[in-house]
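Here the structure is laid out as structure tokens; the discussion comes afterwards.
So you know, we letter chains A, B, ... as the sequences are listed, proteins then strands, and number each from 1. As the structure is a computational prediction, the values presented were derived from the model and not from experiment. Every heavy atom of this structure was used, including side-chain atoms; hydrogens, water molecules and symmetry mates were not.
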Amino acid sequence: MSNALKDLLFKMADDALIIGHRNSEWTGIGPMLEEDLAFSSMAQDKIGHAQALYKILNEVLGEADADTLAFKREEKQFKCCQLVEQPIGEYDFSIVRQFLFDHAELIRYDMLTQSSFQPLAQLAKKVKGEIKYHVMHADTFVKQLGKGTEESKARMQSSLNYAWHFALGIFEKSEFENELISENIFAGEEELKKRWLEKITPIIEAATLKVPVTDESKIIYGGRKGFHSEYLKPLLDEMCEVVRTDIDAEW
Amino acid sequence: MYGSTNLSEEDAKRMNSTVEDPEKLEAFESRIARGEKIEPQDWMPVEYRKQLIRMIEQHAHSEIVGALPEGTWITRAPNFRRKLALIAKVQDEIGHGQLLYSAAETLGKTREEMLNDLLNGKSKYSNVFNYPAKTWADIAVIGFLVDGAAIVNQVINSKGSYGPYCRALERICYEESFHLKQGHDNVVYLATGTKHQRAILQDAINRWYVPLLHFFGPPDKMSAHSEKLMKWKVKLASNDDMRNQFLDQYVPKIWELDITFPDPNLKKNNDGIWEFSDPDWNEFKRVINGGGPCNAERIAVRKFAEEAGRWVRQALMNPTEKYVVPLA
């Protein structure tokens with residue numbers, strides 16, 4: 001059971017760390033100061049979630065400490081989905097990614113409040129309350145920009161189409177799927193995906209955008225098994241730049 | 001799109017005149033002398049308004065431009081503690097910018113106009129942000145000493161006469177004092193760390209020393225002294241006084257870590273006045289006029305943000321969504 005739990009915690013923590021990294025890149029360059037602040041806040045929350053999940057891995061499951069797990073692992077060891085690795089692009093991509101990712105996060109943590117693994121169930125209750133606001137932010141902008149101007153609508157649709165098959169990669173199943181379900185740790189990616197589609201479809205429609213057509217063969221899998229896009233390695237090199245200048249130093 | 005400004009029609013008409021009604025001027029000045037705050041709707045001399053706009057606007061620009069050199073290190077911060085502290089700090093700076101633009105708007109200039117003037121070079125920001133943050137130690141030095149210098153300036157200005165600016169500054173100083181703590185903590189870790197860590201800290205201090213002396217502006221003997229601005233409590237302390245206060249507070253804290261400043265003449269005299277080698281004031285002028293190492297880059301990044309974000313702002317001008325009610 002411990003391997004199944006570790007797999008689940010690593011993929012969630014890595015997702016949060018990497019999307020937090022990407023969100024933090026908006027600090028100083030957002031379309032208006034209010035959005036610098038919003039993305040910066042969400043980055044802090046996400047990085048905090050990653051830290052909390054790594055702490056469970058450390059304290060309950062015997063892995064290294066949070067800083068070591070975040071700053072001293074190889075690219076191959078990361079289990080994040082490829083959606084979160086993608087560069088921030090323009091604001092339309094970042095907000096669409098946030099929308100697709102955070103709805104999945106909110107439902108995932110909601111499901112996890114029922115987890116038989118108590119440390120995760122406890123954390124989920126707290127994190128859920130924070131992600132609620134991330135989702136509110138995404139929904140507001142998706143609707144507003146979907147219905148804004150001709151340009152904003154076109155940009156949002158195009159980013160939604162682009163991000164769609166990456167987003168479906170969030171739900172890539174692990175080899176431990178059945179074990180997680182039967183042990184009541186997590187109700188599974190399939191269930192999560194179903195609830196996610198039900199949740200986001202009416203919002204996309206309310207934004208007067210079209211839900212992209214899913215082509216199973218185009219879904220971008222691999223992240224959960226350590227296969228990443230070309231963007232993760234440079235991101236990690238940047239993240240670990242200072243640490244690597246003096247690997248034994250305390251910072 | 002950000003908010004409305006506060007200039008009445010009558011005040012707008014007066015903006016180009018230089019002659020003030022002597023009775024109103026006297027009443028205004030005696031209010032200030034009594035320590036009262038001037039509020040947006042109150043009568044004020046045109047020059048007072050213009051000086052305050054210039055000052056608050058520059059301060060606001062300094063906050064958002066100042067976020068850039070530090071912002072590039074958020075993604076490279078070496079552990080969770082430092083990363084979370086740095087994002088929160090840079091976010092505070094942006095928030096200060098937002099607060100200050102609002103304070104300046106109460107005097108009649110919109111945020112768009114101010115941002116446009118930043119990009120076209122009409123209005124300035126603090127020179128200190130035209131220098132690069134080359135290593136992680138620069139983040140420590142900026143957090144401790146640049147923020148320390150800013151606090152000296154801001155605490156003094158918070159005793160000024162314009163209500164909205166003073167209130168913004170009080171809040172800003174409160175947050176800045178946390179920045180100072182994280183900056184100091186970071187400096188102490190580096191100073192008591194490995195050989196490499198001490199070396200990058202010393203190197204950063206060497207590079208930031210002159211920009212820090214420049215931070216408070218030219219020496220009093222060189223800068224035009226405005227008694228009127230002092231009387232109106234727009235300016236409250238001289239450049240030299242502020243610089244001396246800064247050196248007095250911060251030099252000993254660096255020395256006690258066995259880190260030096262690159263100036264053999266730096267010392268405190270018996271009369272409490274700090275002595276130092278006169279920094280190159282021609283360099284100060286060169287940097288102010290766009291010749292610093294990072295001027296072009298800073299403005300280019302702001303221009304990119306303005307241009308890349310234009311479609312978002314335009315789309316928001318056409319609001320179709322009502323305020324979102326919190327989910328719980």
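With a 4.5 angstrom heavy-atom cutoff, Gln51(A) touches chain B via backbone and side-chain atoms both. Proximity to chain B (any heavy atom under 4.5 Å) is shown, for Asp92(A), by both the backbone and the side chain. With a 4.5 angstrom heavy-atom cutoff, Phe39(A) does not touch chain B via any of its atoms. Leu235(A) does not touch chain B: none of its heavy atoms, backbone or side chain, sits under 4.5 Å away. If you measure heavy-atom distances from Arg310(B) to chain A, you find no contacts under 4.5 Å at all. For Ala77(B), the part lying under 4.5 angstrom from a heavy atom of chain A is the backbone only.
Using modelled atom types, no side-chain atom of Glu241(A) and backbone atom of Trp73(B) make a donor-acceptor pair closer than 3.5 Å. No donor-acceptor distance shorter than 3.5 angstrom exists from the side chain of Arg76(B) to the backbone of Val243(A), with no hydrogens or angles considered.
Around the CD atom of Glu150(A), the shell of radius 6.0 Å holds no more than 12 heavy atoms that belong to other residues, nucleotides or ligands.
A 4.5 Å side-chain heavy-atom check between Leu33(A) and Tyr101(B) finds at least one atom pair inside the cut-off. In this structure, the side chains of Asp248(A) and Thr194(B) stay at 4.5 Å or more apart for every pair of heavy atoms. In this structure, the side chains of Lys83(B) and Phe71(A) come closer than 4.5 Å at one or more pairs of heavy atoms. Residues Val242(A) and Arg82(B) are not in side-chain contact: their nearest non-hydrogen atoms beyond the backbone lie 4.5 Å or more apart.
For the 3.5 Å distance criterion, the side chains of Thr75(B) and Glu238(A) qualify, holding a donor opposite an acceptor.
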Stepwise side chain to side chain donor-acceptor pair (under 3.5 Å) check, Gln91(B) with Ser41(A): CA-CA 8 Å; Gln91(B) 186 192 31; Ser41(A) 279; 2.7 Å; yes
